[in-house]
Asker: 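Have a look at the structure that comes next, please.
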Amino acid sequence: MDLGSHAGFILASYGLCLLTVLVLIAWIRIDKANLERALKELAEQGVSRRRPEEGGR
Amino acid sequence: MAFWDYANPTRFLKLVQVVLPWLTGLCVLAFGAGLYMSFFVAPEDYQQGQTVRIMYIHVPAAWLSMMCYSIMAVSSLGTLVWKHPLADVSAKAAAPIGAAFTFMALVTGSLWGKPMWGTYWVWDARLTSVLVLLIMYLGLMTLWRTMDDPIKAGKAAAVLTLVGALNLPVIKFSVDWWNTLHQPASVMRMDGPTIHLDILWPLLVMAVAFTLLFFVLHLMAMRNEILRRRVRTLRLRAASAAHPRSAVATAQPAE
């Protein structure tokens with residue numbers, strides 16, 4: 001489709017929105033991966049959410 | 001199931017696990033339909049020509065920038081008044097998403113303004129108040145990062161969020177209260193929308209898509225925040241076990 005003489009403005013708008021959303025999704029997913037790794041490391045060290053009397057450290 | 005049942009973070013995480021894939025699928029479908037309608041169904045505007053297509057992302061982003069802050073304000077009430085354990089988790093998780101939508105609204109507005117107004121930016125009431133909204137989002141994100149204790153940070157941020165909510169009516173009514181380059185409201189009006197249905201429908205579908213995107217991202221970010229608090233609590237517990245006299249472990253409600 002022909003977006004006319006202002007095609008650059010239209011495509012830049014959609015492109016920047018797409019980029020912003022992708023950055024946001026990537027940031028959230030990387031954050032989740034880091035947190036899950038930290039929880040796994042803590043579990044490997046024997047630090048759990050259970051109280052010591054329940055079997056955790 | 002009652003609202004308070006989801007005060008339990010573990011139960012909330014289970015709910016997120018079930019709801020998130022469905023919500024993501026709906027969001028993708030809505031964007032597919034919305035983008036198709038925006039580019040291949042909606043006609044050119046008789047004055048603005050093809051640049052009207054910027055509206056289909058600019059307006060939903062601007063609506064979401066305000067809706068997100070409204071959700072943060074309600075969450076802040078939840079923190080200060082009802083002390084709901086997930087309220088400050090919700091508010092903290094929403095801030096970067098709100099900042100992103102506000103950034104999108106400002107950038108797309110600027111890119112729309114240049115061909116239509118002849119300038120990327122003017123310091124008029126609507127544009128300036130939305131810029132203030134972006135600065136408030138960034139300020140709240142900074143506040144949460146500067147305080148180590150999430151409970152104290154949540155309370156301070158809740159007060160600041162509620163004060164900042166005064167900006168929302170200023171944004172909404174700025175085009176009525178002052179002379180601005182920005183056009184007045186043409187969809188959310190007491191006397192109904194003033195734009196043609198051929199343009200209105202794609203706009204509403206895109207608004208639904210943006211709203212679904214917000215809820216997908218918000219649930220993902222809330223899940224991260226609950227995990228972050230678990231990591232913090234476990235690290236404090238580990239430190240407390242290693243140095244029982246010096247470390248003080250404080251359990252967080254969102255643990």
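All chains are named by letter (A, B, ...) in the order of the sequence lines, taking the proteins before the strands, and each is independently numbered beginning at 1.
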Asker: Begin from the C-alpha positions of B:Arg229 and B:Glu225 and carry the test side-chain contact (heavy atoms from CB on, under 4.5 Å) through to its verdict.
Answerer: CA-CA 6 Å; B:Arg229 292 179 186 206; B:Glu225 188 54 32; 3.0 Å; yes
Asker: Of the listed residues (B:Ser110, B:Pro96, B:Ala61, B:Gly49), which shares the most heavy-atom pairs with chain A below a 4.5 Å separation?
Answerer: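 Among B:Ser110, B:Pro96, B:Ala61, B:Gly49, the one with the most close pairs to chain A is B:Pro96.
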Asker: Between B:Phe101 and B:Phe210, what is the ring plane arrangement, given parallel below 30°, perpendicular above 60°, and tilted in between?
Answerer: tilted
Asker: What part of A:Leu16 gets closer than 4.5 Å to chain B, counting heavy atoms only: side chain, backbone, both or neither?
Answerer: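 Just its side chain gets close to chain B.
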Asker: Give the member of B:Lys114, B:Met220, B:Arg53 that has the highest number of heavy-atom pairs under 4.5 Å with chain A.
Answerer: B:Arg53
Asker: Look at the rings of B:Tyr120 and A:Phe9 and say which category their plane angle falls in: under 30° parallel, 30 to 60° tilted, over 60° perpendicular.
Answerer: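 If you compare the ring of B:Tyr120 with that of A:Phe9, the planes turn out tilted.
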Asker: Output all residues satisfying side chain to side chain donor-acceptor pair (under 3.5 Å) with A:Glu36, sequence neighbours left out; order by chain, then residue number.
Answerer: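 Per chain and number, A:Glu36 pairs via side chain to side chain donor-acceptor pair (under 3.5 Å) with A:Lys32.
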Asker: Using a 4.5 angstrom heavy-atom cutoff, name the option from B:Asn224, B:Leu217, B:Ile54 with the most pairs to chain A.
Answerer: B:Asn224
Asker: Would you please indicate yes or no on a ring centroid separation below 6.0 angstrom for B:Tyr137 and B:Tyr69?
Answerer: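 Yes, ring centres under 6.0 Å apart.
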Asker: Considering only heavy atoms and a distance below 4.5 Å, find which of A:Cys17, A:Ala7, A:Ala38, A:Gly4 pairs most often with chain B.
Answerer: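 Between A:Cys17, A:Ala7, A:Ala38, A:Gly4, the count favours A:Cys17.
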Asker: Under the 3.5 angstrom rule, does the side chain of B:His58 hit a backbone N or O of B:Ala105 as a donor-acceptor pair?
Answerer: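 Judged by distance alone, yes, a pair lies under 3.5 Å.
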Asker: Is it the side chain or the backbone of A:Leu42 that comes within 4.5 Å of chain B heavy atoms, both, or neither?
Answerer: side chain
Asker: Considering heavy atoms only, which positions within residues 24-38 of chain B lie below 4.5 Å of chain A?
Answerer: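 Residues of residues 24-38 of chain B touching chain A at under 4.5 Å: B:Leu35, B:Ser38.
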Asker: Please state whether the side chain, the backbone, both or neither of A:Asp2 comes within less than 4.5 Å of a heavy atom of chain B.
Answerer: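 Contact with chain B is through the backbone of A:Asp2 alone.
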Asker: Given a strict heavy-atom distance threshold of 4.5 Å, which part of B:Phe214 is in contact with chain A: side chain, backbone, both, or neither?
Answerer: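 Neither part.
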Asker: Given a strict heavy-atom distance threshold of 4.5 Å, which part of B:Val107 is in contact with chain A: side chain, backbone, both, or neither?
Answerer: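 Interface part for B:Val107: side chain.
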Asker: Return the minimal non-hydrogen interatomic distance between B:Leu106 and B:Trp121, and the atom names on each side.
Answerer: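 Looks like CD2-CZ3, 3.8 Å.
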